[in-house]
Amino acid sequence: MSLFPFFKNNTFARGVHPDANKSTAGSPIRRMPFASRMILPLVQHIGKPAVPLVRAGEEVVRGQPIAKADGFLSVPIHAPADGVIEAIELKPSARGPWVESIVLRVYEGSTQEIGWRHPPDIESMSPREILQAIQDSGMVGLGGAAFPSHAKLAVPEGTKIHTLVVNGCECEPYLTCDHRLMLEYPEDLMAGIRLAMKSVGAKRAIIGVEDNKMDAVAAIQAAIEKVGPADGSITVQAVPTKYPQGAEKMLVKSLLGVEVPSGGLPMHIGVVVNNVGTLALLGSLLPEGQGMTERVVTVTGPGIKKPGDYWVPLGTPMRTVLKWAGAQDANEQEIILGGPMMGQAVASLDVPVTKGVSGILVFDKLRIEADRKLWPCIKCGECVKACPMGLNPSMLGMLAGRREYEAMGAQYHLGDCFECGCCTYVCPSHIPLVQQFRVAKGILRGKAT
Amino acid sequence: MNAASVPPSQPSTPSAAMIRTLGLVATVCGILIVTAYEGTLEAVAANKKLALERAVFKVIPGASSVKEFVVGPTGVQPAGNGVPEGAVKLYAAYDQAGSLKGLAAEGAAKGYSDTVRVLYAYDPEKQAITGIGVVSMRETPGIGDKIYTDAAFLKNFEALDVTLSADLKSLANAVKVVKHGGKQNPWEIDAIAGATVTCKAVGKGINESAQKLLPLLLPHLDKLKAGEPARPTPHPAASPPLSKRGQGGFDSGSASSQRLNPPQPPFEKGGSRASHAEGAAS
Amino acid sequence: MTARIELRTSPHVVKGTSVEHIMFNVVLALLPIAAFSVWQYGLSALALIVTTTLTCLASERLFNRLSGQQSTLSDWSATITGLLLALTLPPAFPLWMGAIAGFMAIALGKALFGGIGFNVMNPALVGRAFVQAAFPVAITTWVPAFAPRRFTEFVPTTFTAPLMTPPDISAWALNAKPAALDGFTGATPLARWKFDNVLATPHDFLSGAVTASAGETSAILILVCGAYLAIRKFMDWRIPVAILGSAALTALLFQLIDPARYPDPLFVLLSGGMILGAMFMASDMATSPVTPKGVWIYGALIGVVTVMIRYFGGLTEGVMYAILLGNALAPLIDQVTQPKVFGEVKRARVKEKQT
Amino acid sequence: MSEPLSSIFISTLLANNLVLAMFLGLCPFLGVSARLNTALPMGAASTFVMLVASLCAFGLNWLVTTFNLEFLRLISYIVIIASAVQLVEMVLKKYSPVLFRALGIYLPLITTNCAVLGVALFQTARDYDFLQSVTFAVAGGAGFTLALLLMAGLRERLNLAIVPNVVQGTALSLMLAGLLSLAFMGFAGLGAGE
Amino acid sequence: MIPGQKQLSNLEELLEGIWKQNPVFVMVLGMCPVLAVSVSAVNALSMGLATLFVLLGSTLLVSLLRNVVPREVRIATYILIIATFVTVVDYLIQAISLAVYDALGAFIQLIVVNCVILGRAEAHASKNPPGRALLNALGMGVGFAIGLFAIGAVREILGAGKLFGFALFGPDFQPWVIMVLPPGGFFVLGAWLLLFNWLNSRKAAPVKPVEGHAHV
């Protein structure tokens, strides 16, 4: 890269350019009504499951905590609507296995009013208190990983954070929820950013937005001028539109020109990355002392009649969301939670919207079946040119085919793969590389323990 | 195979026994080798003489006996033990009457895939080369082997001019290979189209050898003409002729054109292939 | 909603290219070149192209059946092999030899190693190298381009009886050449440069009026067709650029050293199969390195080796062997040019600073 | 004829590669070329032994010709080369355990590598002088290593391929060797000089 | 004999090397001369006979000395004995035909390092009485010669259109020059091995399920 100084700090190497398909970017966020029954898995985040605070038959009001965090790496759950707890039982989850979930029967009269809140004095809070408040709000990263936000903002002793990177890339095709949030709630975003900066002790914040969302850049710029600090500690910067620009390490490279060490975190180079959606929601919830009860979800895809961005109460079953958004009654469909590149297909329509769900995509059968014939690897090298992590997926794939998992991990850096899907996306032989790597990682993890 | 396979518990043999056994084996082997060597000596020598004569007679028709000489700065001597520094080996062919029919020497140069060795006949009267034969080569069959099948090419060597310059130090005109159809002077060799590399090797080998040999040779020609009686057969082990132990053979060790088209009778099949060779013009 | 739900793993969208798609486009890109060669050399070239292509397809099918695979004819790769092979052979090449080349290309070049994607060397070149070694005379027998009767009669060698030596056509060639072309020597420009020191002009090349293999004279056409593939990303543009670039640089270097002896880079690029090889054969995906850095090394190596063979070797043309050697080296190149893993160097630098 | 050293080197390394054109050292070539990490040490060890053998042979040949004992040439070559390898092994073991660990297991294999004896015999047959012999041995070893590396690269790659069962094993190696040999034919005439 | 191993009958002992343990096609040993000299049937047979001679001679001597030679020096002894017989055969060939000698070249002397011979001396002759050892060596030697001949014949037929120098296809035959070049040697031996593999696989499993193919 140093050969081309004028490209420096611009973007990361390699990556792909899938069709954006962001047709929902133009229309405002709408509100989705309550479903009659909500399902709230106790684990909607990475870490230990929350511990229920309620019993079956108990009445709850919207916003009331119904499960508490179990230790540091855990977050509470708040009731998304007024209603009565019907049961605490096993329900299907997006990842497949059935998980312990709180089932809430919603009262028909439940309103959007939050009935339960404790507004704190934000300005006087110490960083530690802010973190506690964040944990109490039940916030997790809304980008998809659902890592508890307070844990991410908790800087270990001795680590110094200089920059907060705010991820407004939304590089996944189809998804527009972050885009809409940036347009509609820039001031909440500012509030969230200041809270996050304070809690990590960062001197500056850079908001990175892909250059296909210049309107969002403008909106943020306006918000900075209006409510932001005048010292220029918060800036917004457009980055080239390229997948996976929104991956932490890629964005840090694009904005700051430094690479996060292999196997390390951005924290190790003094950077904390947070998603715009997370911070915007944080900025609106924390001053009010509210818990997280809903989130913006992009519901779109060729199988949806009324695509758009929706405020969806957490726990709303997929079935209800799709009905509301007008899913076509096709015979065979693929339903994906998250973006098309890294999202997860769900097996059951009873799976609820959880904190980490940024999008619900419905693809129809024709699209699925198109051109998926498998060929042996022809060593075209497209995957090598696509892998943002600088891996050699072609080689990894062939090794996986031979079940040489050890070599994949030891010689070919399988551990650095974050399953962005670029390799599979470009593969003309249609080899399910990402899936092979997922399996290999699982086997290696199994061997390690 | 190696010592590691010997179980450590095995009692080791005393060195005296080892040396005794080795000595015994060595004695047996020595006897075998010497017997074989002595037993085959004559047959081998006869074979080699035959091979040499066949090769030389091919380039000097009409000859009936061959003698080997070494030509050096000190003059001409019958070939003895090896070739001294700066000297060249020479074969003199005589007819039945015992008069000199011609001289032959070897030239060699790197060809397309390996060294090409040719035997050329030199006629002191004409001061020209009057024939060539291939001793060994590994050129591509079908292309490189045209040097002994292509009649037009062989015509070059009916009278290839190798007159010495006035100071008798070198050839008046170096032997030169020119492109097919470009021969204008008697010292030029008209190359075979498509087999230029091999042809050039032949020309180069002859030129180098002749440049070295002829200035040394000419002052002593009389000695050879006299047919100075030499030993009837040179000692074969000491100075094997032509097929100097292995030279031809080793170089042609692997895939060699020589085995399919043995160079011994190089000119016999010329006719059948000549037309084809032309056709391959490329 | 009673819809059946499909379960798939991410990513759920794909780029929409496929092996067949790529291969089909390569065939498309080769067709104009093949057509030009037919226009240039007439019926014999056509017969040769048809023969090698059919042989390749038949051989592919045969090996499919022997190994119990489904037919792989539909992936077009055997068609590419057949077409390319014909384009690298002399137009007057006897058909039976062409058939052997086609069979060997598929057998030795591809089927042995498990078929598409696993071949270690470019199949077409394996086929060509085989017949070049087997029939050195026939493969250096050239005919004049644009012979007036090329569409009404075959070159006499075309229909040589199987296993038999083709007839001599030097007299025929003199007779058949276009009247405007005087002094047909039957030698390629490279041979004429190497052995006779006669340099063909760029005009000779561009007009196609040189003797050559069936498909290698139309430099501009090949460049255009290659560019089509490169632009549509069916081929790695780095490979031809690296090969032609390194060949031109090497040639330039030699010309600077001794202008009297070495030709100018343009001659080196235009003569022989340089452009065809760089565009269509070295760029074969399965046999070239996968890493971009590796591709540059691979291409540069092929360019340099080609010029070295042409200048100092016994052969007049070196593209084919250079590419085969490049293919042989590709796994090693891949080994040493594994891409830099994101964050790796940084860590090394940090370590350096600490020590 | 006295060949220039550069010509000997290039020709032995490429055009007349010991393995691919002269068929020497095929057993280790087929046996040790399965993986790249064994190919390189094997090549290095063989090169070294070839050099040692070449030096021994050069001295021996002088002795044998001086005393007119040509019939003992072969027997003395093989005995001296075998002893030399043993000696090298012992010296390595004593003075460079690291190198011994890397090369040690290959040394016994090399004793029966006909490329080693081949180098000795060919240099004798071609009447090479001292420098020519050394060049020849080094180039021969380098050529052997090159062939070994190329072969190992291809075989490692094919390890990941779906090679038909019938082709597995030595047959595959031989076919690969044939292809390499075919590719090396392009070097014919290189090093012939002008 | 290793205890537990079945004692082979004399015929089996002989056939061992010719078929079951054929040094060329099954064990793939001593490849250097196999490929280098097999450009014609005559050369191949000559080489085969030369090897057979060395094999027989060295086997006899090794077997006779098997109780005298100490373990520590046995390899040295074997090499010495083999080298002796190679030297002998070297002179014999020179005496018989210089043309053959030139054609085989250095590969006669390289018989010394032919693993087949050392392998036989070590694995068989040093443990068996002369009679059986010779029988085994004869089998191996003949097997080796047959292997060489099989390759030499193919290479000569295709490479020159001849067998033992007799033209098979008339004067207009186009020789496949590649067959007498190094790649041809590799390809022909490889092809023979393929043929044997194929026959074996058919014998082993007449109805074999389709091997895992990439398309499934």
Side-chain angles (χ1 to χ4, degrees), chain C residues 63 66-69 104 107-109 111-123 125-134 136 194 261 286-287 289-290 305-306 308-336, chain D residues 6-7 10-11 13-17 19-21 33-37 39-40 43 145-194:
Chain C
F63 286 109
L66 281 180
S67 61
Q69 291 176 330
M104 288 300 170
L108 289 179
L112 269 182
F113 308 109
I116 186 171
F118 300 126
N119 46 324
V120 294
M121 291 180 185
N122 183 314
L125 286 184
V126 168
R128 201 216 190 243
F130 188 91
V131 286
Q132 164 131 25
K194 188 156 188 163
R261 189 161 151 216
T287 53
V290 295
V305 170
T306 305
M308 289 298 161
I309 291 179
R310 283 182 177 183
Y311 284 12
F312 307 110
L315 295 157
T316 54
E317 172 62 306
V319 175
M320 170 178 77
Y321 289 110
I323 295 176
L324 287 175
L325 288 163
N327 291 163
L329 269 167
L332 292 182
I333 296 175
D334 260 342
Q335 284 281 336
V336 297
Chain D
S6 62
S7 160
I10 292 175
S11 144
L13 177 71
L14 301 172
N16 293 317
N17 186 287
V19 183
L20 298 175
S33 60
R35 299 210 77 88
L36 274 173
N37 50 9
L40 196 59
T145 313
L146 176 67
L148 213 54
L149 282 178
L150 287 176
M151 186 74 175
L154 293 179
R155 282 180 68 179
E156 276 203 357
R157 173 178 207 150
L158 285 177
N159 248 342
L160 303 173
I162 307 170
V163 175
N165 275 2
V166 176
V167 195
Q168 299 280 11
T170 319
L172 180 69
S173 304
L174 282 168
M175 288 300 187
L176 281 179
L179 286 181
L180 281 180
S181 173
L182 198 58
F184 266 59
M185 285 189 61
F187 290 127
L190 255 190
E194 279 301 303

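To find a chain, count down the sequence lines: A is the first, B the second, and so on, and within it residues start at 1.
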Review point. Do the side chains of C:Leu315 and D:Phe187 get nearer than 4.5 Å, heavy atoms only?
Key: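 No; the side chains remain at least 4.5 Å from each other.
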Point to revise | Beyond-backbone contact of C:Phe118 with D:Ile162, side-chain heavy atoms, under 4.5 angstrom | key: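 Yes, side chains in contact.
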Point to revise | Option passing side-chain contact (heavy atoms from CB on, under 4.5 Å) with D:Leu176 (candidates C:Leu112, C:Leu108, C:Val120) | key: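 Considering C:Leu112, C:Leu108, C:Val120, a side-chain contact (heavy atoms from CB on, under 4.5 Å) with D:Leu176 is found only for C:Val120.
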Working to the nearest 0.5 Å, report the span between [atom1] of [X] and [atom2] of [Y].
X        : Y        : atom1 : atom2 : answer
C:Leu325 : D:Phe184 : CG    : CZ    : 6.0 Å
C:Asn327 : D:Leu154 : CG    : CG    : 9.0 Å
D:Leu149 : C:Leu329 : CG    : CG    : 9.5 Å
C:Tyr321 : D:Leu182 : OH    : CG    : 6.0 Å
C:Asp334 : D:Glu156 : CG    : CD    : 11.5 Å

Review point. Would C:Phe312 and D:Ile10 count as a side-chain contact (heavy atoms from CB on, under 4.5 Å) if you check the C-alpha gap in whole Å, the side-chain angles of each, and the deciding distance to 0.1 Å?
Key: CA-CA 11 Å; C:Phe312 307 110; D:Ile10 292 175; over 6 Å; no
Check your understanding: Taking C:Leu324, C:Ile333, C:Leu332 one by one, which has the highest count of heavy-atom pairs under 4.5 Å against chain D?
Key ->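 Option with the greatest count: C:Leu332.
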Point to revise | Residue selection (most heavy-atom pairs with chain D, distance under 4.5 Å) from C:Gly318, C:Ala328, C:Gly115 | key: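 With the most close heavy-atom pairs to chain D, the winner is C:Ala328.
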Check your understanding: Who pairs with C:Arg128 by side chain to side chain donor-acceptor pair (under 3.5 Å), at least two apart in sequence or on another chain?
Key ->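 Result, side chain to side chain donor-acceptor pair (under 3.5 Å) vs C:Arg128: C:Gln132.
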**Study point:** Residues in side chain to side chain donor-acceptor pair (under 3.5 Å) contact with D:Thr170, at least two apart in sequence or another chain
**Key:**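 For D:Thr170 there are no side chain to side chain donor-acceptor pair (under 3.5 Å) partners, ignoring immediate neighbours.
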Please classify the contact of [X] with chain D as side chain, backbone, both or neither, using a heavy-atom distance under 4.5 Å.
X        : answer
C:Ala111 : backbone
C:Met308 : backbone
C:Ala286 : backbone

Practice item. Give, as side chain, backbone, both or neither, the part of D:Gln168 having an atom under 4.5 angstrom from any heavy atom of chain C. Key: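 Neither part, no heavy atoms under 4.5 Å.
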Point to revise | Heavy-atom proximity to chain C below 4.5 Å, by part of D:Leu36 | key: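 Side chain only.
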Review point. Looking only at heavy atoms, what is the nearest atom pair of C:Pro331 and D:Gly153, with distance?
Key: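 Minimum heavy-atom contact is CB-O, 3.4 Å.
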